[in-house]
Amino acid sequence: MRSPSSSRYRRTGSVTISDKARDYLMKHGNAVHIFTTRSGFSWGRVNLGPSVRRGVPKNAVEYDMAIVNQTKLYLHRDFDTPFPLVVDIHEILGLRMLYISGWKLI
C-alpha cells in the first residue's frame, strides 16, 4: 500500500476526469490510461504531451493505478506534470474522443 507522501501517489492528484468522460468510460470498461510520447532531438528528449486511451494498458505493470471520479486511472510511471490536467470528451459529428486539457509544453 502506498503512503500519501509517496511521489507516485501525489502526482495522481493533478489529473482529474470530467463527469462527462466518467459517464462515457463507465459504458466502455471504466478505465483509462495516460502515457507520454517523448521525441528525441539533437539537444535532448522532449515530452510533447500526454496521450489518453480508454481501457487497461497492455503492460499494466509499468503503470500506477488510482481511482479518480469513480474511474480507474492508469498513469505511466514516467508520466509527471506540474499542471492540473483534465481528461474530457470531445465530440465531432457524433464521434466521441477522449482528450487531455490543461497541458502546457513550456
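What you see below is based on every heavy atom in this structure, not just the backbone, and it leaves out hydrogens, waters and symmetry mates. We count residues from 1, following the sequence as given.
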Tell me, do T16 and L85 make a side-chain contact under 4.5 Å, heavy atoms counted?
-> no

Give a yes or no answer on whether the side chain of N69 reaches the backbone of I17 with a donor-acceptor pair at less than 3.5 Å.
-> yes

Considering non-hydrogen atoms only, spot the tightest contact between R77 and D64 and give its length.
-> NE-OD1, 3.2 Å

Between I67 and L73, is any pair of side-chain heavy atoms under 4.5 Å apart?
-> no

So do Y74 and V56 actually touch side chain to side chain, heavy atoms under 4.5 Å?
-> yes

For residues 87-99, the side-chain hydrogen bond (donor to acceptor under 3.5 Å, both in side chains) pairs (sequence neighbours left out) are S18-D88

Rounded to the nearest 0.5 Å, what's the gap from CG on D19 to CZ on R22? Could you check?
-> 4.5 Å

Evaluation steps, side-chain contact (heavy atoms from CB on, under 4.5 Å), between M97 and I89 | CA-CA 6 Å; M97 296 173 283; I89 291 283; over 6 Å; no

Is it true that V86 and F83 fall in one hydrophobic cluster, defined by side-chain heavy atoms closer than 4.5 Å?
-> no

Are the side chain of R54 and the backbone N or O of N30 linked by a donor-acceptor pair below 3.5 Å?
-> no

Taking atom CG of L25 and atom CG of L98, what is their separation to the nearest 0.5 Å?
-> 5.5 Å

Mind checking whether P57 and F35 have side chains closer than 4.5 Å, heavy atoms only?
-> no

Close side-chain approach of I34 and V15, heavy atoms under 4.5 Å | yes

Flag side-chain contact, heavy atom, 4.5 Å: H76 against H33 = no

Smallest separation among heavy atoms of W103 and P50, with atom names = CD2-CD, 3.3 Å

